[in-house]
2 protein chains.
Amino acid sequence: MKEKRLQHLNLLSSFLDILNQDSNPSPQVEALKQKISNKSFKKGSVLQRGGDMVSRIYYVKKGLLRSYTIDHKGKEHIFMFAPEDWIIADGADFASPCQLFIDVLEDSEIEMVDKKLFEEVYIPLTLNSDKQRTAAMIKRIAVLQERVIMLMSASAIERYEHFKTTYPQITQRVPQRMIASYLGITPEALSKVKSEKARSK
Amino acid sequence: MKEKRLQHLNLLSSFLDILNQDSNPSPQVEALKQKISNKSFKKGSVLQRGGDMVSRIYYVKKGLLRSYTIDHKGKEHIFMFAPEDWIIADGADFASPCQLFIDVLEDSEIEMVDKKLFEEVYIPLTLNSDKQRTAAMIKRIAVLQERVIMLMSASAIERYEHFKTTYPQITQRVPQRMIASYLGITPEALSKVKSEKARSK
DNA sequence: GCTGTACATTAATCTAGATTAAGAAATAGT
DNA sequence: ACTATTTCTTAATCTAGATTAATGTACAGC
């Protein structure tokens, strides 16, 4: 089995592992497998809109997704990127008041499952792999905590440097303006920061 | 049993519930009980410093704690407040690179337990109350997620208003400068914001 | 009761980053 | 290959909030 990254809530992938490892699956597990959609999406597809009543968990087999909010002025704020082997879910997954949008940044292959089904079925199936689950959630908390500290104390340059070292695999694949959005600054400010840094070398 | 708030990672309190509910405790549980410290702390006491090797989980029975980081310029950034019935833990609890300080804002009564012990003992004892545990962590994630959105998109006034409605019980009890620190602005800016708002009424 | 220290407010600058706008470069669609 | 659209960069302003500093206020210790 390929080593799994736990940068983010890596629930669905271990769920899938359990389903797949089962060499002699019960009818219950068999029925579940049918409910996991396996789909290709073109760049630009919208998987979920804030406020949608649906709530799914997406596992990125190939490609790149993002989640984001739109504030009261209509501005997008990117919440996270999800490249290969990452999990992404909408706000409902976290009982959060802010509703997240999820869309596709590169042609992608996605496995997805209904959130409710996932919660109801995953827990009984994985009681003995709870440590992994907890570890994944703790990791998620760490990422968010770090992000809060960054937003509270770091300048635009510092945030950008931090992003580059933390997510090198994403830096090259998404437009500058989206990185800027993730960092909480404007694309112009990011451009400025980069050219100033280049000049000072 | 008093209703428990789940605003934050409420692990220790359910842990304590389990220990206390046990009418005929096993020797193992009995031994554990001895390891939970029950202490009073004076305002100003420091429970943990960033970088400390100890790692505990604190349950606030009475009083008020806070956790914060100190950035490379020596500035404090308040990460969270923990009033009565809340749980607070240092960075090590989340495997976070940023080390948190924890100290006492009001004379407090605290129950605390070593993090490692907690993790090793809590999980086997509470396999069947996992849903509660997961709910607590999800709630924590929601709080952090909301905080990120706030820091990315809201102005000083908006953040202050949001804080007041979300944490009314804290607003009256901590100095302005600490609320400012939590909001990611300076005390002067908060003062300005408040007087401008008062004038415009 | 004083005195000192921490905290809050106000006002005068300063600055990082936002906004606006316009041109250059890259990408996609036909 | 050519056009259209999106993205990136640069530069000129503008502004929210930082910084600095001075004054006012409350409480703690003596």
Side-chain angles (χ1 to χ4, degrees), chain A residues 41-46 63-64 66 68 71-78 81 103-107 150-164 170-201, chain B residues 42-46 64 66 68 71-78 81 103-107 150-164 170-201:
Chain A
F41 290 99
K42 283 273 167 206
K43 183 177 169 177
S45 311
V46 177
L64 183 60
R66 66 160 177 168
Y68 61 100
D71 68 20
H72 53 103
K73 286 173 197 157
K75 257 196 178 172
E76 284 177 11
H77 300 277
I78 293 185
F81 298 105
D103 66 13
V104 180
L105 300 183
E106 293 174 0
D107 293 356
M150 272 290 143
L151 290 169
M152 284 207 293
S153 64
S155 67
I157 313 109
E158 290 168 330
R159 287 184 221 171
Y160 180 58
E161 291 302 320
H162 180 259
F163 180 85
K164 279 200 300 184
I170 297 174
T171 311
Q172 303 304 323
R173 286 161 65 184
V174 302
Q176 296 298 314
R177 64 184 183 86
M178 288 193 186
I179 295 178
S181 167
Y182 182 92
L183 300 177
I185 59 175
T186 58
E188 294 86 353
L190 181 53
S191 226
K192 203 174 159 185
V193 154
K194 286 199 298 177
S195 68
E196 272 164 16
K197 221 198 85 200
R199 208 167 305 143
S200 72
K201 270 195 237 174
Chain B
K42 283 273 165 204
K43 182 178 167 177
S45 309
V46 177
L64 184 59
R66 67 161 175 167
Y68 61 99
D71 70 18
H72 54 102
K73 285 174 198 158
K75 257 195 178 173
E76 284 177 11
H77 299 278
I78 292 184
F81 298 104
D103 65 14
V104 179
L105 298 182
E106 294 173 0
D107 293 355
M150 272 290 142
L151 289 169
M152 283 206 295
S153 64
S155 67
I157 312 109
E158 290 167 331
R159 286 185 223 171
Y160 181 60
E161 292 302 319
H162 181 260
F163 180 84
K164 279 200 299 184
I170 298 175
T171 311
Q172 302 304 322
R173 286 162 63 185
V174 302
Q176 297 297 316
R177 64 185 182 82
M178 288 192 186
I179 295 178
S181 166
Y182 182 92
L183 300 176
I185 59 175
T186 59
E188 293 87 350
L190 181 53
S191 228
K192 201 172 160 186
V193 154
K194 287 198 298 177
S195 67
E196 271 164 16
K197 222 198 85 199
R199 208 166 305 144
S200 73
K201 272 197 234 171

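Letters A, B, ... are given to chains in the order of the sequence lines, protein chains preceding strands, and every chain is numbered from 1.
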How close or far is atom [atom2] of [N] from atom [atom1] of [X], stated in whole angstroms?
X        : N      : atom1 : atom2 : answer
B/Leu183 : D/dA16 : CG    : P     : 18 Å
A/Ile185 : C/dA16 : CD1   : C1'   : 11 Å
A/Leu190 : C/dT19 : CG    : P     : 15 Å
B/Lys75  : D/dG17 : NZ    : P     : 14 Å
A/Lys194 : D/dT10 : NZ    : C1'   : 13 Å
A/Leu151 : C/dG17 : CG    : C1'   : 14 Å
B/Met178 : C/dC7  : CE    : C1'   : 10 Å
B/Met152 : C/dG17 : CE    : C1'   : 16 Å

- Message: Quick test of your reading of the model: are A/Asp107 and A/Lys43 salt-bridged, counting only N-O distances below 4.0 Å?
- Response: no
What's A/Gly184 touching, base or sugar-phosphate or nothing? Going by heavy atoms closer than 4.0 Å. sugar-phosphate
Is any side-chain heavy atom of A/Phe81 closer than 4.5 Å to one of A/Met178? yes
- [ ] Measure the shortest side-chain to side-chain distance between B/Leu151 and B/Arg159 over non-hydrogen atoms and say whether it is less than 4.5 angstrom.
- [x] yes
Checklist entry - Around B/Lys164, counting heavy atoms of other residues, nucleotides and ligands shown, do more than 12 lie under 6.0 Å from its NZ? => result yes
Per nearest nucleotide of DNA chain D, the residue lying toward the 5' end, A/Gln176 or B/Glu188, is A/Gln176
Between A/Ala189 and B/Thr186, whichever has its closest DNA chain D nucleotide further toward 5' is A/Ala189
Nearest to the side chain of [X], heavy atoms from C-beta on, is which of [options]?
X        : options               : value
B/Ser155 : D/dC8, D/dG17, C/dG17 : D/dG17
B/Arg177 : C/dC7, C/dG17, D/dT10 : C/dC7
B/Ala156 : D/dG17, C/dA8, C/dA28 : D/dG17

*asked:* Walk me through whether B/Val174 and B/Arg66 qualify under side chain to side chain contact (heavy atoms under 4.5 Å, CB included).
replied: CA-CA 10 Å; B/Val174 302; B/Arg66 67 161 175 167; over 6 Å; no
